[in-house]
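So that the names make sense, note that chain A is the first sequence line, chain B the second, and so on, each numbered from 1.
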Amino acid sequence: TDHAGISTQRVVVKQLMDEGIDYHKLGREEFEKRVWEWKAEAGGQITQQMRGIGESCDWSRERFTLSPEMSRVVRKVFVQLYNEGLIYRETRLVNWCPVCLTVLSDLEVVHEERQGNLWHIRYPVAGSKEFIVVATTRPETMLGDTAVAVHPEDERYAQLVGKSVVLPLMNREIPIIADSMVDREFGTGAVKITPAHDQNDFEVGKRHKLAEIDVMTDDGRMNAAAGPYAGLDRFAARKKTVEDLKALGLLERVTEHKNSIGICERSKTVVEPRISTQWFCAMKGLAEPALKAVREYEPGKENTIQIVPDNRRQEFLNWLDNIRDWTISRQLWWGHRIPAWYCGDCEHVIVAEEPPTKCAKCGSEKLTQDPDVLDTWFSSGLWPFSTLGWPEKTADFEKYYPTSLLITGYDILFFWVARMAMLGIHFTGKVPFRAVYLHSLVRTGSGEKMSKSKGTGLDPVVLNQQYGTDAMRFCLASMAAPGTDIVLSDDRLGSARNFANKIWNAARFLFVNLEKFEQGGTAMEELAAPEVRAGAPYAFEGTVPLADAWLFSRLASITTQVNEALANYRFHEAAQGVYQFFWGDFCDWYIEWVKPELQNSNRERAVVAWKNLFAGFDAALRLLHPFMPFLTEELWHQLPQASGAKSIALDRYPEAQQKWQNSAALEEFEMLQYLITSVRNIRAEQKIDPKKRVAAELLPRDSAIKELVEQNLETIKRLAFLSDLQMVTERLGVGGAIRSTPRFDVRIPFDEIVDPRVELARSKKDIEGLTKDIASKEAQLGNDTFRSKAPERIIKGMEATLEERRMELRKLTDRVAQLEKGIPSGY
RNA sequence: GGGCGCUUAGCUCAGCGGUUAGAGCGUUCGGUUUACACCCGAAAGGUCGAAGGUUCAAAUCCUUCAGUGCCCACCA
């Protein structure tokens, strides 16, 4: 964890204020003590939360940026950068927060488009009755004006350049100068120059050697230099100056103007550009190698960094390309004190890791340390190596650096990731991480960024209580498509909770039935599938039951799919894959299918069923474990084969087994699924009494399918709720509702209460879809260019389906004709 | 002013060159089949923002446009 300089200081300052204590009066040392006390509580809370949501960390390696060890690294790094000339101290115009009372880096200033005004003010030209009209968005800063600038080639003002104006309200004479920075098109083409309060003006001031008159205090009020306005808040001063100008007849007009305002990221106050002496870090040289490492990334290439998702990579490169120097000092008390001392006698600056006793230049002992601290991100930027014991060549450092992966939100790509990349490479010569995964941010229902101050944040602890930690984790993972943000909804969370519940219930089914089975005298251990841990299903010698072969084949593809998704940081695909497998395949089909087998009076067969059931469940739990750690860990330990193992987290993650792939079983099982679904569909469509078992007829078109159905007849009858499934050899007539595939037709005859009109409507609708499809396929296959250019497998596949569809269409057309001709009486 | 996204079923979103476009929720119909109603079974619902273009083939690639969101930037 980092010490979060500004935010933490703000919190504690406020806390003190509530107690009626002014932190300035408390003094630095006492204040720091208070912050440490606060940190002891809050810091614990954060790691508690992390544990609560199931983050799996090596907690023994927890580090804090302000610890003595980390602080030592910070000083070492600072001194080295200083000696290399990369850290320097300078007076320039910086971003100042009048509430936090500190300088801010460019990144800590967020820009907001706001509706403002453009005030056109008359500045009287000295010794004449003329005016020059300037346009400004910040009239209060005119109190610090030291010139008026026009464009050198602007004919309108050419004769005025070199003359001066009398600054209204202050009655100070200031020059009219020419500078090409002025945009002739904007406003009046004449600009007031306030070097102490505007970046552009500051530069103009430097070029023309203008005085810099700071008219504000550090907390955003007008100071003595503002004359009669002294003491007024800057916004009150704006109002007052405008009123006074108006009274003097010097306000020509006011127009509306949209402009972007810099806001302090923490306090949300309008940031004030202010002249100040600060410490800076030169970035160009540091950025270059980091830029190279990211730009030259290729899989496997040494010392490069992969950024995921890819579009963030371009963002990263653009930012580093245009990087500007980093303001690293902060006027705070909570943080790493800058290791610089000033000599009270000769003003020499000493930068050292340890406090010096006397001035290196004049020997004076009157040394005072710089009161400022470093930007929090300075120490955070050292994280990957500072935490591993650098600069010592520790075993940890040797082993874990460069780290493999950094996971963080994209909102701190520049703040943190870029700085780690730059500093890591600079100090160790190696990239700090080989890959960066930038995850989505969770947004509110209306798509806004969550905000504590607006109260629109979602508390993970509350969500955990409402839905369960596993459900929340699974929900987040399943929605984490890279490149888009997540809008958490109750619906989605609810469905994840239902999933957790489903897993729980499936387990309950297993264990309840296991109890019954064990009473039959089989020991738990005998049901273990020991080879599962090595990635192989146990009961695969000899004849494999179809459903088992199918399940493990499905498992093989899901495992491949999940592993691939994880390797490519496509967590949502992984989560959705396991969901589908567990609920759709394992629960809805497999468990239902093997239920009777589990209590089969044939002991041997029952044992096989149990072993495979456990093996499948085991694999599913393992696949699910990263998403739902608590539930899976708990359930896994109850499985027979888990005995002795420490933790599912420490056991192996499933790898796809080639030998489980079984396309024949897949195809056969799907055929039976289709058969069962067809019957269910007819039942539902025909509103057959759900309590009524009906008899159906089946016309198999080849002996293989006939055999297949015969072998699984009892299961099919059970799952399709049939009293009988009669094999027939003759073509099925219209006397019922029919579903067809190329390999079989199935029919429920009319005497089982079937309404021919429903069947007729259904057939007509099917014909419509088929006709359209056939037409489009025929058109494509009839196209010579398609035939010559499209790949063979596409053409072959399309031809085959076309043939099937045509056959189906013929059958349907026939049936419709017959139905229309002779709907039995009574309907 | 630059850059990056997004626009697909009523809602929230996947899919991002190939054979009748998917999920969850919602909706409709049916259900006390000894794990689960936080459930089971079945179904309806989309000319994939608009217009052009590339291609044998486009939701998927390109261009323009229209909405919308975000990031970056020193237009007073």
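- When distances are taken from the side chain of A:N498 to each of B:C56, B:G41, B:C38, the shortest belongs to B:C38.
- By the 4.5 Å heavy-atom criterion applied to side chains, A:E203 and A:M181 are not counted as neighbours.
- Projected onto RNA chain B by closest heavy-atom contact, A:T188 and A:N505 fall at different nucleotides, the more 5' of which corresponds to A:N505.
- Straight-line distance between the C1' atoms of B:G18 and B:A59: roughly 13 Å, to the nearest whole Å.
- Protein atom CH2 of A:W610 is 11 Å distant from nucleotide atom P of B:A35, rounded to whole Å.
- Nucleotides B:G24 and B:A14 place their P atoms 16 Å apart, quoted to the nearest Å.
- For A:E803 and A:K777, the salt-bridge test fails: no basic side-chain N is under 4.0 Å from an acidic carboxylate O.
- Nucleotides B:C65 and B:G2 have their P atoms positioned 12 Å apart, rounded to a whole Å.
- The listed nucleotides are B:C40, B:A44, B:G3; the one nearest the side chain of A:N318 is B:G3.
- Checking B:A35, B:C71, B:C74 against the side-chain heavy atoms of A:H111 singles out B:C74 as nearest.
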Anything under 3.5 Å between a protein N or O and an N or O of nucleotides 12-20 of chain B, put it in a table, one pair a line.
| from | atom 1 | to | atom 2 | distance (Å) |
| --- | --- | --- | --- | --- |
| B:A14 | OP1 | A:T484 | OG1 | 2.7 |
| B:G15 | OP1 | A:R570 | NH2 | 2.7 |
| B:U19 | O3' | A:K777 | NZ | 3.0 |
| B:U19 | O2 | A:G797 | O | 3.2 |
| B:U19 | O2 | A:M798 | N | 3.1 |
| B:U19 | O2 | A:T801 | OG1 | 3.3 |
| B:U20 | OP1 | A:K777 | NZ | 2.8 |
| B:U20 | OP1 | A:R805 | NH1 | 3.2 |
| B:U20 | OP2 | A:D773 | OD1 | 2.5 |
| B:U20 | OP2 | A:K777 | NZ | 2.2 |
| B:U20 | O4 | A:R805 | NE | 3.1 |

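- Each of A:L438, A:V294, A:D321 was checked for a side-chain contact (heavy atoms from CB on, under 4.5 Å) with A:F316, and the lone residue meeting it is A:V294.
- Salt bridge status for A:E808 with A:R739: absent, with no side-chain N to carboxylate O gap under 4.0 Å.
- As a whole-Å value, the separation of A:L722 CG from B:G41 C1' is 14 Å.
- Put simply, the side chain of A:W326 reaches to within 4.5 Å of the side chain of A:R419, judged on heavy atoms.
- Comparing A:T677 and A:Y579 against RNA chain B, the residue whose closest nucleotide sits nearer the 5' end is A:Y579.
- Across the strands present, B:G17 finds no partner; the criterion is a Watson-Crick or G-U wobble pair with both atom distances under 3.5 angstrom.
- Using a 4.0 Å heavy-atom cutoff across all strands shown, A:K192 reaches no nucleic acid atom at all.
- At the heavy-atom level, A:V182 lies under 4.0 Å from base atoms of the strands shown.
- Applying the 3.5 Å distance criterion, the base of B:A35 shares a donor-acceptor pair with the side chain of A:E592.
- Interface remark: the A:D491 side chain does not form any donor-acceptor pair with the B:C25 base, using a distance-only criterion of under 3.5 Å.
- Atom-to-atom, CG of A:L441 to C1' of B:G69 comes out at 13 Å; the value is rounded to the nearest Å.
- Only the P atoms considered, B:C11 is 23 Å distant from B:C16, to the nearest whole Å.
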